[in-house]
S.K.: 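Pasting in a structure now, in structure tokens, and then I'll have a few things to ask.
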Amino acid sequence: SKLFGVAAEAHNVVYICDRSGSLAPVFQMVMDELIASVNRLQADQDFAVLMMTGDRPLELHRDGLLSGQMENKLKAAKFLNEVTGGGPTTVLPCLRRAFAVLGTAASNKPGKVIYILTDGDFGGISAGDSYTAADGRELGGNEAVIQWLRDHNADKSVQVNTILLFNKDEHPVKVMKQIAAENAGQFRLVSQEE
């Protein structure tokens with residue numbers, strides 16, 4: 001699979017995409033890139049698409065992974081062309097759902113990868129959500145996201161790639177690099193010049 005130049009070898013691919021209002025000027029371009037990535041999947045790969053909303057992701061398919069067959073690629077294109085930006089966007093509900101979906105992957109199809117596309121970090125309760133860590137700490141924002149992944153992906157069996165869209169601010173870059181580094185993934189900053 002490949003998205004914004006970030007490639008991964010995996011049979012099971014989950015895309016998590018921000019749809020916050022700040023992405024409005026480039027939202028269609030991001031959707032086009034997602035569609036192109038789905039279209040590059042092979043027929044024996046399985047995938048899911050999750051859009052960040054409030055407490056429950058907007059999903060292409062609520063019954064888990066879809067095969068990379070052409071009919072499912074067409075469904076994904078239709079879904080992504082109809083998604084609108086704006087509204088609350090929280091990432092933890094998407095991560096919880098992504099791991100649940102990947103948990104249903106066929107045992108004969110190795111490799112699990114998540115692509116997270118966003119134009120900012122997950123600071124504040126609304127963006128990152130809240131989480132009670134395994135050690136009892138109450139966390140919010142970026143700390144909640146980072147710790148949730150530490151608690152649920154300690155074996156790094158799921159590769160998490162982070163793609164930061166059009167934001168060169170130091171803190172979001174640092175957070176997205178950390179998430180990728182701690183989860184066997186890659187980080188990519190996409191600039192508006194591209």
Side-chain angles (χ1 to χ4, degrees), residues 1 3 10 12-24 26-28 30-31 33-35 37-38 41 46-68 72-105 112-134 137-153 157-165 172 175-176 179-180 183 185:
S1 60
L3 182 64
N12 306 283
V13 182
V14 178
Y15 301 95
I16 295 176
C17 188
D18 192 346
R19 51 185 286 278
S20 57
S22 55
L23 272 172
V26 294
F27 192 72
Q28 189 56 55
V30 174
M31 294 302 98
E33 181 65 23
L34 266 173
I35 292 167
S37 180
V38 169
L41 296 175
D46 296 332
F47 73 100
V49 180
L50 308 174
M51 303 299 294
M52 293 182 206
T53 57
D55 58 1
R56 184 175 178 177
L58 182 63
E59 295 183 61
L60 164 62
H61 181 67
R62 293 204 181 276
D63 294 326
L65 295 162
L66 286 170
S67 71
N72 292 325
K73 292 177 180 181
L74 293 171
K75 284 180 189 174
K78 183 177 187 300
F79 171 78
L80 290 166
N81 279 320
E82 292 175 354
V83 168
T84 57
T89 56
T90 53
V91 71
L92 267 183
C94 285
L95 282 172
R96 290 184 180 105
R97 180 64 181 148
F99 273 72
V101 166
L102 288 170
T104 69
K112 299 174 180 178
V113 64
I114 295 172
Y115 290 94
I116 300 176
L117 293 95
T118 183
D119 67 342
D121 62 21
F122 307 117
I125 294 296
S126 63
D129 207 351
S130 59
Y131 172 62
T132 303
R137 288 176 299 143
E138 294 289 335
L139 303 170
N142 293 312
E143 293 75 20
V145 176
I146 290 165
Q147 190 61 48
W148 190 93
L149 284 164
R150 287 174 180 163
D151 289 348
H152 293 85
N153 197 33
S157 60
V158 178
Q159 178 184 346
V160 181
N161 296 320
T162 56
I163 299 171
L164 184 60
L165 303 165
V175 169
M176 294 306 144
I179 290 171
N183 294 279

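Only this structure's heavy atoms are used, side chains among them; waters, hydrogens and symmetry mates stay out. For the single chain, residues carry numbers from 1 onward in sequence order.
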S.K.: Could you check, using the six-membered ring where one of them is a Trp, whether Phe99 and Trp148 have ring centers closer than 6.0 angstrom?
M.R.: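 For Phe99 and Trp148, the ring centres are under 6.0 Å apart.
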S.K.: Go through Tyr115 and Leu34 one step at a time and tell me if the side chain to side chain contact (heavy atoms under 4.5 Å, CB included) criterion holds.
M.R.: CA-CA 10 Å; Tyr115 290 94; Leu34 266 173; over 6 Å; no
S.K.: For residues 139-148, which residue pairs qualify under salt bridge (Lys or Arg N to Asp or Glu O under 4.0 Å), counting only residues two or more places apart or in two chains?
M.R.: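 Of all non-adjacent pairs touching residues 139-148, none passes salt bridge (Lys or Arg N to Asp or Glu O under 4.0 Å).
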S.K.: Can a donor-acceptor pair be found, under 3.5 Å and without considering hydrogens, that links the side chain of Asn183 to the backbone of Gln159?
M.R.: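 Not confirmed, Asn183 side chain does not pair with Gln159 backbone.
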S.K.: What residues form a side chain to side chain contact (heavy atoms under 4.5 Å, CB included) with Ser157, not counting sequence neighbours?
M.R.: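 Per chain and number, Ser157 pairs via side chain to side chain contact (heavy atoms under 4.5 Å, CB included) with Asn153, Asp155.
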S.K.: What residues, two or more places apart in sequence or in another chain, satisfy salt bridge (charged side-chain N to carboxylate O under 4.0 Å, His left out) together with Asp46?
M.R.: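 In terms of salt bridge (charged side-chain N to carboxylate O under 4.0 Å, His left out), with neighbours along the sequence ignored, Asp46 is linked to Lys109.
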S.K.: Any donor-acceptor pair under 3.5 Å linking the side chain of Thr132 with the backbone of Arg137?
M.R.: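 Checked: no pair found.
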S.K.: Taking only residues two or more places apart in sequence, or in another chain, which ones meet Thr104 in a side chain to side chain donor-acceptor pair (under 3.5 Å)?
M.R.: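 By the side chain to side chain donor-acceptor pair (under 3.5 Å) rule, Thr104 matches no residue at all.
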S.K.: Which heavy atom in Tyr131 sits nearest to a heavy atom in His152, and how many Å separate them?
M.R.: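 Nearest pair, atom of Tyr131 first, then His152: OH-CE1, 3.4 Å.
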S.K.: Look up atom CG in Leu58 and atom CZ in Arg19, then write down how far apart they are to the nearest 0.5 Å.
M.R.: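 Reported value, rounded in 0.5 Å steps: 6.5 Å.
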S.K.: Lys75: what forms a salt bridge (charged side-chain N to carboxylate O under 4.0 Å, His left out) with it, not counting sequence neighbours?
M.R.: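 Lys75 satisfies salt bridge (charged side-chain N to carboxylate O under 4.0 Å, His left out) with no residue once adjacent residues are dropped.
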S.K.: Looking at every heavy atom in both Phe122 and Ile116, which two are closest together, and how far apart are they?
M.R.: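 The pair with the smallest heavy-atom distance is CZ-CG2, 4.1 Å.
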S.K.: Hey, does Glu33 have a side-chain heavy atom less than 4.5 Å from the side chain of Val30?
M.R.: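 Val30 vs Glu33: side chains apart.
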S.K.: Quick one: closest heavy-atom pair of Pro57 and Pro93, and the distance?
M.R.: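 So the two residues come closest at CG-O, 3.8 Å.
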S.K.: Assess whether side chain to side chain contact (heavy atoms under 4.5 Å, CB included) is satisfied between Asp18 and Leu117, documenting all intermediate values.
M.R.: CA-CA 6 Å; Asp18 192 346; Leu117 293 95; 5.8 Å; no
S.K.: For Ala98, what residues pass the side chain to side chain contact (heavy atoms under 4.5 Å, CB included) criterion, not counting sequence neighbours?
M.R.: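 For Ala98, the residues satisfying side chain to side chain contact (heavy atoms under 4.5 Å, CB included) (neighbours in sequence not counted) are Val14, Ile16, Leu50, Ile114.
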S.K.: For Phe79, which residues count as a ring pair (Phe, Tyr, Trp, His ring centres under 6.0 Å) partner, sequence neighbours excluded?
M.R.: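 With neighbours one apart ignored, the set is empty.
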S.K.: Check Lys73 against Gly68 and note the closest heavy-atom contact, atom names and distance.
M.R.: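 Result for this residue pair: CE-O, 3.1 Å.
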S.K.: Side chain to side chain donor-acceptor pair (under 3.5 Å) with Ser37: which residues, sequence neighbours excluded?
M.R.: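 Ser37 satisfies side chain to side chain donor-acceptor pair (under 3.5 Å) with Tyr15 once adjacent residues are dropped.
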S.K.: Could you tell me which residues satisfy side chain to side chain contact (heavy atoms under 4.5 Å, CB included) with Ala180, sequence neighbours excluded, listed by chain and number?
M.R.: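 Ala180: side chain to side chain contact (heavy atoms under 4.5 Å, CB included) contacts with Thr162, Phe187.
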S.K.: Between Val13, Asn12, Asn161, which is the residue that forms a side-chain contact (heavy atoms from CB on, under 4.5 Å) with Ser1?
M.R.: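 So, applying the side-chain contact (heavy atoms from CB on, under 4.5 Å) to Ser1 and each of Val13, Asn12, Asn161, only Val13 qualifies.
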S.K.: If you measure from CG on Leu23 to CG on Asp119, what distance do you get to the nearest 0.5 Å?
M.R.: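 Going from CG on Leu23 over to CG on Asp119, the span is 3.5 Å.
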S.K.: If you look only at pairs with a residue in residues 83-100, which of them pass as a salt bridge (Lys or Arg N to Asp or Glu O under 4.0 Å), with sequence neighbours excluded?
M.R.: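 As it turns out, the salt bridge (Lys or Arg N to Asp or Glu O under 4.0 Å) pairs with a partner in residues 83-100, which skip direct neighbours, are Glu59-Arg97, Arg96-Asp129.
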S.K.: Let me check something: any side-chain donor-acceptor pairs from residues 80-87 under 3.5 Å, sequence neighbours excluded? List them with distances.
M.R.:
unit_1, atom_1, unit_2, atom_2, d
Asn81, OD1, Gln28, NE2, 3.3
Asn81, ND2, Ala77, O, 3.1
Glu82, OE2, Lys78, NZ, 2.9

S.K.: Which residues satisfy the side chain to side chain contact (heavy atoms under 4.5 Å, CB included) test with Arg56, sequence neighbours excluded?
M.R.: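 If we apply the side chain to side chain contact (heavy atoms under 4.5 Å, CB included) test to Arg56, skipping adjacent residues, the hits are Arg62.
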S.K.: If you look at every heavy atom in Lys112 and Ala10, which pair is closest and at what distance?
M.R.: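 So the minimum-distance heavy-atom pair works out to N-CB, 3.9 Å.
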S.K.: How far does CG of Asp151 sit from CG of Leu139, to the nearest 0.5 angstrom?
M.R.: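 With rounding to 0.5 Å, CG (Asp151) is 9.0 Å from CG (Leu139).
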S.K.: Rounded at 0.5 Å granularity, tell me how far CD1 in Ile179 sits from CG in Leu95.
M.R.: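 Ile179 atom CD1 to Leu95 atom CG measures 8.0 Å (nearest 0.5 Å).
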S.K.: What I'd like to find out is whether the side chain of Ile163 reaches to under 4.5 Å of the side chain of Leu3, using heavy atoms alone.
M.R.: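 Yes; the side chains approach each other to less than 4.5 Å.
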S.K.: Check Ala48 against Val101 and note the closest heavy-atom contact, atom names and distance.
M.R.: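 Reported closest heavy-atom pair: CB-CG1, 4.1 Å.
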